[in-house]
There are 2 protein chains.
Amino acid sequence: MEKPTNPAETHDLSFGLLISMIRTELVRALEAELQTEGVDLRFTQFLALKRLALDGPMCAGELARAVDHDAGAMTRVIDQLETKGYVRRQPHEQDRRSMRIAVTDAGMATWRHIAKAHERTLERAQQELSPDERAQLMDSLERVLAALRAAE
Amino acid sequence: MEKPTNPAETHDLSFGLLISMIRTELVRALEAELQTEGVDLRFTQFLALKRLALDGPMCAGELARAVDHDAGAMTRVIDQLETKGYVRRQPHEQDRRSMRIAVTDAGMATWRHIAKAHERTLERAQQELSPDERAQLMDSLERVLAALRAAE
DNA sequence: CATTTATAATTGTCAAGGCAACTATATGGG
DNA sequence: CCCATATAGTTGCCTTGACAATTATAAATG
């Protein structure tokens with residue numbers, strides 16, 4: 001320790017880096033769990049499938065917004081999920097521009113299969129926090145997100 | 001809108017998605033601040049410059065670990081910072097495999113210039129949180145990260 | 001009703017990050 | 001001392017995601 005470490009930085013991790021690291025580790029942990037279960041899904045594909053499985057069919061743009069993903073990129077994620085047989089594109093009845101993205105039976109089966117793995121991962125991430133602390137954490141994070149989005 | 005958009009949806013943000021969203025917004029906000037200041041740095045480049053500016057010269061691998069970045073990718077980040085004139089690669093004296101990455105005067109000047117913008121961004125992100133809540137948030141996040149890294 | 005404007009999905013392009021292979025050098029065990 | 005193994009940095013390759021442009025269709029407006 002010959003190096004003069006800035007005392008304000010002894011917390012060492014800035015908020016941004018900390019958030020980035022947690023995201024990286026969470027993605028890694030979840031993808032590892034999925035692989036262990038023999039399910040070949042990347043993090044983003046997982047998020048999309050989860051959203052569709054929980055909320056039912058929706059169109060591509062809605063899904064993109066729901067998982068905070070670029071619309072162009074979402075097209076390809078849907079392609080991938082469709083190739084795997086987990087979702088299906090159906091024409092929207094009122095709006096011929098729109099697609100209705102629906103989970104297939106195989107997709108639902110996969111979702112049920114991996115839902116527990118997902119919960120295990122989240123549980124593991126928060127295992128050192130009390131229920132109160134978990135609630136507080138989620139609340140704080142939501143307020144941080146809101147503040148960042150409230151543009152200036 | 002015939003589908004019952006569950007109002008519970010807003011609270012149904014999973015931890016992973018919430019973290020991802022905050023990271024995205026934080027990166028966006030910081031890069032916007034930097035651009036406003038006329039400084040052409042991406043988030044990762046910023047993190048690397050900050051680390052070097054605060055902790056002094058270190059070798060490439062150390063830097064990569066410090067900002068949680070892939071070593072191969074870090075080589076290119078250093079390339080970019082070197083091209084911009086913000087850092088310099090120097091041979092390591094004891095170990096001829098190693099490089100000593102040091103911030104140049106121009107790099108330091110730039111760092112001083114943008115440090116405040118950085119703080120503004122973090123301040124804005126946490127503006128809705130009390131000092132206690134901020135401390136609690138950092139603490140919880142650190143424990144989450146530790147849990148993710150520890151367990152298996 | 002024609003025309004402008006807005007929206008949904010897609011596609012092309014490019015930068016960035018992860019991983020594996022490679023080179024050079026260091027280190028530790030016979 | 002020599003060899004096996006480990007480590008530092010770099011590079012190539014591939015996937016992902018952001019953004020812009022494109023196409024088709026809907027909605028709004030004169």
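None of these values were measured; they are calculated from a predicted model. Note on naming: letters A, B, ... go to the chains in the order of the sequence lines (proteins, then strands), and numbering restarts at 1 for each one.
- Salt bridge present: A:Arg149 and A:Asp68 bring a charged side-chain N and a carboxylate O closer than 4.0 Å.
- Every side-chain contact (heavy atoms from CB on, under 4.5 Å) that A:Arg23 has, sequence neighbours left out, goes to A:Val27, A:Phe43, B:Ile19, B:Ser20, B:Arg23.
- A donor-acceptor contact shorter than 3.5 Å is absent between the side chain of A:Arg88 and the backbone of A:Thr104.
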Using residues 72-80 of chain A as the side-chain source, report each donor-acceptor pair under 3.5 Å to any protein atom, sequence neighbours left out, with the distance given to one decimal.
| unit_1 | atom_1 | unit_2 | atom_2 | d |
| --- | --- | --- | --- | --- |
| A:Asp79 | OD1 | A:Arg89 | NH1 | 3.0 |
| A:Asp79 | OD1 | A:Arg89 | NH2 | 3.0 |
| A:Gln80 | OE1 | A:Gln45 | NE2 | 2.7 |

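- Boundaries of the chain B contact region on DNA chain D are D:dA6 to D:dC19, first to last in 5' to 3' order (nucleotide atom under 4.0 Å from a heavy atom).
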Set out, line by line, the N/O atom pairs under 3.5 Å between protein and nucleotides 3-7 of chain C.
| unit_1 | atom_1 | unit_2 | atom_2 | d |
| --- | --- | --- | --- | --- |
| C:dT7 | O2 | A:Arg97 | NH1 | 2.6 |

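- Across all strands shown, A:Glu31 has no heavy atoms under 4.0 Å from either base or sugar-phosphate atoms.
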Completion exercise
With B for base contact, S for sugar-phosphate-only contact and - for none (protein heavy atoms under 4.0 Å), nucleotides 10-20 of chain C reads BBBB--SSBB-
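- In this structure, A:Arg28 does not pair ionically with A:Glu33, as no charged nitrogen and carboxylate oxygen lie closer than 4.0 Å.
- Using a 4.0 Å cut-off between a side-chain N of Lys or Arg and a carboxylate O of Asp or Glu, A:Arg100 and A:Glu62 do not qualify as a salt bridge.
- Every residue was checked against the ring-ring contact (aromatic ring centres under 6.0 Å, His included) condition with B:His69, not counting sequence neighbours, and none meets it.
- A salt bridge is defined here as a Lys NZ or Arg NE, NH1 or NH2 lying under 4.0 Å from an Asp or Glu carboxylate O, and A:Arg143 with B:Glu133 meets this definition.
- Under a 4.0 Å N-O distance rule, the pair A:Glu25/A:Arg124 does not qualify as a salt bridge.
- Between the P atom of C:dA8 and the CG atom of A:Leu63 lies a distance of 14 Å, rounded to the nearest Å.
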Problem - Stepwise side chain to side chain contact (heavy atoms under 4.5 Å, CB included) check, A:His92 with A:Arg97 - result: CA-CA 8 Å; A:His92 193 287; A:Arg97 296 169 301 178; over 6 Å; no
